[in-house]
There are 2 protein chains.
Amino acid sequence: MATPRARPRRATIFDVAAEANVSRGTVSRMLNGEPYVSDSAREAIEKAIAKVGYVRNMAARNLATQRSKAIALIVHEPHSVFLEDPNIGAILLGTNERLSEADYQLVCLIIGSDRDSTRIAEYLRGGFVDGAVIVSAREHDPIADAITHIGLPAVFVGHPESAPDMPYVGIDNRGAARDITRELLATGRKRVGMIAAALDRDSGSERLAGFRDAMGDDFDERLVVDFPLYSRTSGVEGMKTLLERADDIDGVFAASDAVAAGAMDVLRESGRSVPGDVGIVGFDDSDWALRCQPQLSTVRQPADLLGREAASMVLELVNGVTPETPGRILPTEIKLRGSA
Amino acid sequence: MATPRARPRRATIFDVAAEANVSRGTVSRMLNGEPYVSDSAREAIEKAIAKVGYVRNMAARNLATQRSKAIALIVHEPHSVFLEDPNIGAILLGTNERLSEADYQLVCLIIGSDRDSTRIAEYLRGGFVDGAVIVSAREHDPIADAITHIGLPAVFVGHPESAPDMPYVGIDNRGAARDITRELLATGRKRVGMIAAALDRDSGSERLAGFRDAMGDDFDERLVVDFPLYSRTSGVEGMKTLLERADDIDGVFAASDAVAAGAMDVLRESGRSVPGDVGIVGFDDSDWALRCQPQLSTVRQPADLLGREAASMVLELVNGVTPETPGRILPTEIKLRGSA
DNA sequence: TTGTACGCGTTATCAA
DNA sequence: TTGATAACGCGTACAA
């Protein structure tokens, strides 16, 4: 019963012009809110548009103007993380909000495979978007390389070392990690370890660096474990390993709240109390932090603002404004709760 | 220091043709993998492409072919839900996977405001995408209306009553809700209530209907509360209300796992044991289910497959194949764990 | 097997 | 203030 209801030919500017008895040029000017179009013409055109049911053909417009009024947001994450990471969603929404205000369309592209990578690279070159925001790029991310190569205006959320010259917006992961670790130390802990994660990304490696800063001479690399993902599972495995290595551990900095949550569960099962026997702190101030018992002391990062700021920057770039500073750092805030 | 590095003029088919000493037509044919292009020509063209750094201009291609090889996935959710709902992410990834296989680009559009709504409607009409998948549409969703009006090939995930004729893919919410409620009753519960949610969406209202089916004559509307969102908070508030209304309640069907998690926390605080004093079941089989103690008995819905299937259907539509059945229902599975 | 010429729907540049 | 017309870059019959 195949009845592929043929879509009717769409009305064009030409049809509108004919209907309104004016030229295409006049219609185009009116559509773009340009000056020099008489009231009588405007009125006739409006009527004609309604009558023939005209809508702009963006493909044609893009071709003529060489821009699309759309911005890509590129997420490069394995499945599980995309679903779990609370920051990505918030960044997405922040970016969307800001672009929406400027009447730009956010187009979210997901890289889930190598095939996606190459297809998206072609998409970006294809003129579908005027710029891009890249979330959670790894070091030496092929898509990042592609973008710099294409010369597409782009802003990174985060600051991969492999793309030092690209505009970015981020937080001071290292400083924040240092500060929260110091808070932990201030509660009198003597044997403090870290469950690190995502060392292939700047956020992960910087948090470890900050931990190291805070520990100073007391840094003991045997009390550091690392995992690829910021996940609860990483916390579970990490905490188990740490307990094996140091039975007397009394403090843990987890690279994210999800990691901390996993670690806390293991501690509880091992019969240890938090914060009595072991103090623990996290990072992100996500839902996880409030769901823990006791609630988690952590670092709040303004994920939605990161998105907004990235959007603002990419809009500037698209409009030919080279930002004065290559990157912008947004402030974080320490949230002290009951876990340490 | 404004240095808007002017983007160099991009190479076109014309440049390639000149470089390779062939005509534009030949280049075009070769690019599209059509027959009738000699090996010598092919070779020369490949060299030329590499030399001038040619990439297709998609806007031009779209204009000429009247298609974009892109499919939109439209998410219409308030912020909090978008971040919390585990199904949306899975649907997104499933859709992306399937489209990727067919070499289509997924373009994810987020509706966060009325302004977004109208802008996206224009985007859809603009020829940027060949079809759309709509996730979590409400009843009488303006964007759904717009799509049917435009005549864009589209598939709903879920089956809003206000768009009965549109192709859709979903699960049997009503039947599954009935079955899980029966499991709960089978443990000997006498006073069973429901914390419903999202009654403005088909999933929400159907789950309530299924609960009603299972309860039969024992249905007591005073033991039903409802909230706008599938959120943990809904579970917290809902459980409090139910306890006020019926101190002796001994069974609860929560409209989602997140709702169930909130309810369980309230039960615990009130000194009741699960499943001893109160049995509780959820819906989704999301992370929440495993994070509860005891783990939650729930309904597993194949969110990723919903995405894949929706993608397959929209691809069929785009290629002029009218599906035999207007909708496809994917099977759910009951997961019995410790909570009831 | 290859080249030519026209059409896709807009915008932009003139001259009127 | 308006209208004609040349781009924009590519696909595609049709002719060679």
Side-chain angles (χ1 to χ4, degrees), chain A residues 7-46 48-49 52-70 122-128 130 150, chain B residues 7-46 48-49 52-70 122-128 130 150:
Chain A
R7 272 196 267 171
R9 196 182 76 76
R10 296 172 33 164
T12 73
I13 276 198
F14 198 90
D15 303 321
V16 175
E19 181 70 31
N21 275 319
V22 295
S23 76
R24 303 207 298 278
T26 307
V27 176
S28 178
R29 280 192 296 272
M30 131 114 200
L31 249 35
N32 296 323
E34 282 170 31
Y36 301 130
V37 35
S38 67
D39 289 348
S40 61
R42 165 166 285 114
E43 204 171 321
I45 293 173
E46 274 168 358
I49 287 180
V52 303
Y54 169 78
V55 290
R56 257 203 189 83
N57 180 320
M58 290 305 214
R61 167 181 248 239
N62 291 174
L63 183 58
T65 60
Q66 307 282 50
R67 39 168 59 207
S68 66
K69 281 225 148 197
E122 201 162 326
Y123 185 90
L124 295 175
R125 279 190 297 244
F128 281 104
D130 298 335
I150 296 169
Chain B
R7 272 196 267 170
R9 196 181 77 75
R10 297 173 32 167
T12 73
I13 278 197
F14 196 90
D15 302 321
V16 175
E19 180 70 31
N21 274 319
V22 296
S23 77
R24 304 206 296 276
T26 307
V27 176
S28 178
R29 279 193 294 272
M30 131 110 198
L31 250 34
N32 297 322
E34 281 171 31
Y36 301 131
V37 35
S38 67
D39 289 349
S40 62
R42 165 165 287 114
E43 204 171 320
I45 293 174
E46 276 167 358
I49 286 180
V52 303
Y54 167 78
V55 290
R56 256 201 190 76
N57 180 320
M58 290 307 218
R61 167 182 247 241
N62 291 174
L63 183 58
T65 61
Q66 308 282 49
R67 39 167 60 206
S68 66
K69 282 224 144 198
E122 201 161 328
Y123 185 90
L124 295 174
R125 278 191 297 244
F128 280 104
D130 298 334
I150 295 169

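Numbered from 1 within each chain, the chains take letters A, B, ... in sequence-line order. Worth saying up front: this structure is predicted, and the values here are computed from it rather than measured.
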**Q.** Distance test, side-chain N/O of Ser28(A) to OP1/OP2 of dT10(C), below 4.0 Å
**A.** no
**Q.** dT11(C) phosphate, OP1 or OP2, under 4.0 Å from Gln66(A) side-chain N/O
**A.** no
Q.
For a quick check of understanding: with a heavy-atom distance under 4.0 Å over all strands, which category does Leu63(B) fall into, base, sugar-phosphate or nothing?
A. base
Q: Provide, to the nearest angstrom, the distance between the CG atom belonging to Leu31(A) and the P atom belonging to dT2(D).
A: 15 Å
Q. Between Tyr54(A) (OH) and dG9(C) (P), how many Å, whole number?
A. 10 Å
Q: Give a yes-or-no answer on whether the side chains of Asp130(B) and Ser68(B) include a donor-acceptor pair shorter than 3.5 Å.
A: yes
Q: Return the value, rounded to whole Å, for the distance between atom CD of Glu34(A) and atom C1' of dA12(C).
A: 9 Å
Give every pair of a protein N or O atom and an N or O atom of nucleotides 2-6 of chain C that lie under 3.5 Å apart, one pair per line with the distance.
from, atom 1, to, atom 2, distance (Å)
dT2(C), OP1, Ser38(B), OG, 2.4
dT2(C), OP2, Ser38(B), N, 2.7
dG3(C), OP2, Ser23(B), N, 2.8
dG3(C), OP2, Ser23(B), OG, 3.2
dG3(C), OP2, Thr26(B), OG1, 2.8
dG3(C), N7, Arg29(B), NH2, 3.4
dG3(C), O6, Arg29(B), NH1, 3.3

Q. Rounded to whole angstrom units, what separation is found between the CZ atom of Arg61(A) and the P atom of dC8(D)?
A. 18 Å
**Q.** Side chain Thr26(A), main chain Val22(A), donor-acceptor under 3.5 Å
**A.** no
Q. Roughly, in whole Å, what's the span from CZ in Arg67(A) to C1' in dA12(C)?
A. 15 Å
Q: Verify, without hydrogens or angle tests, whether Asn62(A) (side chain) and Ala59(B) (backbone) share a donor-acceptor contact under 3.5 angstrom.
A: no
**Q.** Interatomic spacing from CD1 in Ile45(B) to CG in Leu31(B) - rounded to 0.5 Å
**A.** 8.0 Å
(Q) Tell me whether the side-chain N/O atoms of Arg56(B) come closer than 4.0 Å to OP1 or OP2 in dG11(D). (A) yes
Q. Does a nitrogen or oxygen in the side chain of Asn62(B) sit under 4.0 Å from OP1 or OP2 of dC10(D)?
A. no
(Q) How many whole angstroms separate atom CG of Asn57(A) from atom C1' of dG7(C)? (A) 13 Å
Q. Could you state the CG-P distance from Asp15(A) to dC8(C), rounded to the nearest angstrom?
A. 11 Å
Q: May I ask you to check whether over 12 heavy atoms, not counting those of Glu46(B), lie within 6.0 Å of atom CD?
A: yes
**Q.** Nucleotide dA7(D), atom C1' - distance to CZ of Phe14(B) in whole Å
**A.** 13 Å
Q: Would you classify Val55(A) as touching base, sugar-phosphate or nothing, given that sugar-phosphate means primed atoms plus P, OP1 and OP2, and contacts are heavy atoms under 4.0 Å?
A: sugar-phosphate
Q | Side-chain heavy atoms of Asn57(B) within contact of Thr12(B), under 4.5 Å | A | no
**Q.** Separation of Asp15(B) CG from Tyr54(B) OH (nearest 0.5 Å)
**A.** 9.5 Å
